Colleague: 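Structure in structure tokens, see below.
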Amino acid sequence: MQFDEFSEKLSLMETTESRLKIRDYLFDLYNNLNKNERQFTTYLLQSRIFPAYLNKELNIGQSIIIQAISKSFGQSMNEIEKKHLELGDLGETAECFAEKRKQKSLFSKKITLLEVYDTLKKLVDTTGKNSTESKINLISSLYNNTNPKETKYITKLILKSLRLNLGIQTIIEACALKVIKDLGYKTHDENMQEYKKIKETIDLKQSVCNDLGKVVSDIWNFGFKSIDKITIKPGIPIKCALGEREKSPEAIIERLGYCLVEGKYDGFRTQVHKGEKIQMFSRRGENSTNYFPEFGPLLEKAKHSFILDCEAIGFNSKTKKFLSFQETIKRKRKYDIKEMSEKIPVKLMVFDVLYLDGKETLQLPLKERRKIVEKIVKEINNSNIQTTIAIKTNKSKELKSFFDNCLNLGLEGIMAKDLNRSYVPGSRDFGWIKLKKNYLSGQADSFDVCIVGYFCGQGKNKTMPSSLLCAVYDEDKNTYNVITKVGSGLTEDQMISFKAEFETITTKKPENINTNLEPDMYVEPKFVIEIICDEITKSPLYKFTKGFSFRFPRFIKIREDKSPQDTTTIEEIEEMYYLQHSI
DNA sequence: CTTGGCTGCCC
DNA sequence: ATTCTGC
DNA sequence: GCAGAATGGGCAGCCAAG
């Protein structure tokens, strides 16, 4: 397929909101692609170059793209950034400058979808000294052979910001439609039950091989039956099951009844594979084997082959306490593995088994899988590999007191699980339910901060103040010290109203605002807002607040009743920080 | 040789 | 990670 | 309720600039 044709199809999907329509466009797109194009095009549609588990990335972001636009279209970086701010999308920004150049390059040759993909692959392999310049040149060479619309989509592909309103599930639906039509039905709703079953099968297969591109390609090229042979094998990461949130112990029991309730460890999701060799994978399917060499010899002791679902979390053997996420995450590294494994010892907390001795265990009910987990962990017989703490209950009071115990042990909260359910890879639903302290009403840490600037948003938030720069007031020095940005929690209406309010108070950077982050616009300190977070963190970035900032900050409301000097103080925040670590 | 910006991946 | 929004 | 797309802090690693 020519790339200009592909761009037109992306454009069509981008401007469509109905998922069913997008699915139909996708179906047509796949029909129009040839045998060899379907797999990699699926990666592109998911804003990828390769399946996730290959650990191959472009390492190109806004900064390099802006340089490439500058080089290709002879605009200053400033000019481009200005346009970007206005349009809220670098793809459209590139398109805009390509429009202006249009007349000059009448003789450029047409480019194919495959050629674009090959160039993207080349970009992935461009590393080392002067690689940034080489990357810019490669992108530039693409820009020089494309029309404005192609320029736009090449940019969006590189930046992984296609914004097509299209995800995995929509691609799966397009596949299911293909299968249903191959079976002789005209539309999917002629046999809704069959259609749903097909969807489930496709979803399971793509979760098991972690490679939707392969599944799409197999279905179109070799038929639905051909994906039967995709099975679980040690060495290939399976998509993790995830949980939904619920607001209280009562709500959880109402949904699940008698259930398994486990401690929720704030670490690093780790899928352990023991086949011919031992390998580990992260939640996104990245190979994480090298992070944790200490588990190899322990796992070897178990006689079985298996795939276990675990959380790896740092542990202080002197205080007998689990380490914070910020400590544990330091073990995600390439160098100094040995030293860090001694400095930050990690425990593997096992909670599920997906495969055992050549057989899938996914389909077994959780209560059976849990027994297997306990057996394997017992065999390994080492305190650094344990099962998660857990109870079984159908009483919300019991659940609540177990939850409180977990918090006292320094855990994040609990996971409650349906004992009769199979393991559903890639799911995020109420089969697993998580409860953390701040989900309970009134239990989240709350702060009042003053807005001193804002950032304009991307995509659907373009031209909106979608992220607010927040500061706490220092009475002694009469300064506003920036402590966090906050964007999550703002509704469209709130952004619109902030935009109007900010128009009259936009200002040059006031003398008494201290910040390491340069917002798109500064505003005079006027609005105090309430924000909540999960935790106070120690930050290398926010230097003007004794290094304090927030984990998972979100906007709650405007505090009309407060003046800019009435923010939470840094002393109060410091006190809370030390309290949260002395549980 | 050090520093700082950028990027991707953890949550 | 959390949150909002259209379907 | 699902699916998708907005948004957060902070870690290591890579590369360019100094």
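Treat the numbers as computed from the prediction; the structure is a model and nothing was measured. Throughout, a chain's letter reflects where its sequence line sits, starting with A, and its residues are numbered from 1.
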Colleague: So, OP1 or OP2 of D:dG9: does either fall under 4.0 Å of a side-chain N or O from A:Ser539?
Modeller: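 For D:dG9, neither OP1 nor OP2 has a side-chain N or O of A:Ser539 closer than 4.0 Å.
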
Colleague: Under 3.5 Å, is there any donor-acceptor pair linking the side chain of A:Ser488 to the base of C:dT2?
Modeller: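 When only heavy-atom distances are counted, A:Ser488 does reach the base of C:dT2 through a donor-acceptor pair under 3.5 Å.
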
Colleague: Can you find a side chain N or O atom of A:Arg283 that sits less than 4.0 Å from OP1 or OP2 on C:dA1?
Modeller: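 For C:dA1, OP1 or OP2 has a side-chain N or O of A:Arg283 closer than 4.0 Å.
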
Colleague: Choosing from C:dC7, D:dC11, B:dG8, which nucleotide comes nearest the side chain of A:Pro540?
Modeller: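 The nucleotide sitting nearest to the side chain is D:dC11.
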
Colleague: For the backbone of A:Gly314 and the side chain of A:Thr328, can you confirm whether one donor and one acceptor N or O come within less than 3.5 Å of each other?
Modeller: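 A pair under 3.5 Å: yes.
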
Colleague: Quote, to the nearest angstrom, the C1' distance that separates C:dA1 from B:dG8.
Modeller: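 Roughly 16 Å separates the two C1' atoms.
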
Colleague: Would you classify A:Glu286 as touching base, sugar-phosphate or nothing, given that sugar-phosphate means primed atoms plus P, OP1 and OP2, and contacts are heavy atoms under 4.0 Å?
Modeller: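 Answer is sugar-phosphate: A:Glu286 comes under 4.0 Å of backbone atoms only.
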
Colleague: Can you check ring pair (Phe, Tyr, Trp, His ring centres under 6.0 Å) on A:Tyr53 and A:Phe281, steps first, answer last?
Modeller: CA-CA 8 Å; A:Tyr53 63 84; A:Phe281 299 94; 7.8 Å; no

Colleague: Checking the side chain of A:Thr545 only, and the main-chain atoms of A:Phe548 only, is there a donor and an acceptor separated by less than 3.5 Å?
Modeller: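 Answer holds: yes.
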
Colleague: Ignoring backbone atoms, establish whether A:Ser467 has a side-chain N or O less than 4.0 Å from OP1 or OP2 of D:dT7.
Modeller: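 So the side chain of A:Ser467 is outside the cut-off, no N or O lying under 4.0 Å from OP1 or OP2 of D:dT7.
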
Colleague: Using atom types as modelled and distance alone, determine if a side-chain donor or acceptor of A:Gln326 lies under 3.5 Å from a backbone N or O of A:Lys538.
Modeller: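 Flag set: sc A:Gln326 to bb A:Lys538 pair under 3.5 Å.
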
Colleague: Is any side-chain N or O of A:Arg554 closer than 4.0 Å to OP1 or OP2 of C:dT3?
Modeller: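 Yes, within the criterion.
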
Colleague: It should be established whether A:Thr170 places a side-chain nitrogen or oxygen under 4.0 Å from OP1 or OP2 of nucleotide D:dG4.
Modeller: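 The answer is yes; a side-chain N or O of A:Thr170 sits under 4.0 Å from OP1 or OP2.
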
Colleague: Compare side-chain N and O positions of A:Lys334 against OP1 and OP2 of D:dC14 and report whether any pair is under 4.0 Å apart.
Modeller: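 Result: yes.
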
Colleague: With respect to the phosphate group of C:dT2, does any side-chain polar atom (N or O) of A:Lys434 fall under 4.0 Å of OP1 or OP2?
Modeller: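 Yes, within the criterion.
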
Colleague: With a cut-off of less than 4.0 Å, is there a side-chain N or O of A:Lys485 near OP1 or OP2 of D:dG8?
Modeller: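 Yes, such a contact exists.
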
Colleague: Within less than 4.0 Å of OP1 or OP2 of B:dG8, is there a side-chain N or O belonging to A:Arg284?
Modeller: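 Result: no.
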
Colleague: According to a strict under-4.0 Å criterion, is A:Tyr542 in side-chain N/O contact with OP1 or OP2 of D:dG9?
Modeller: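 Yes, such a contact exists.
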
Colleague: Is the shortest side-chain heavy-atom distance between A:Pro465 and A:Phe502 below 4.5 Å?
Modeller: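 Result yes, sub-4.5 Å side-chain heavy-atom pair found.
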
Colleague: Can you find a side chain N or O atom of A:Tyr291 that sits less than 4.0 Å from OP1 or OP2 on D:dA12?
Modeller: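 No, no such contact exists.
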
Colleague: Ignoring backbone atoms, establish whether A:Arg245 has a side-chain N or O less than 4.0 Å from OP1 or OP2 of C:dT3.
Modeller: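 Checking A:Arg245 against C:dT3: at least one side-chain N or O falls below 4.0 Å of OP1 or OP2.
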
Colleague: Kindly say if A:Thr132 contacts the phosphate of D:dC15, meaning a side-chain N or O under 4.0 Å from OP1 or OP2.
Modeller: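 For A:Thr132, the contact criterion (side-chain N or O under 4.0 Å from OP1 or OP2 of D:dC15) is not met.
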
Colleague: Think A:Gln326 has a side-chain N or O under 4.0 angstrom from the OP1 or OP2 of D:dC11?
Modeller: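 So the side-chain polar atoms of A:Gln326 do come within 4.0 Å of the phosphate oxygens OP1 or OP2 of D:dC11, strictly under.
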
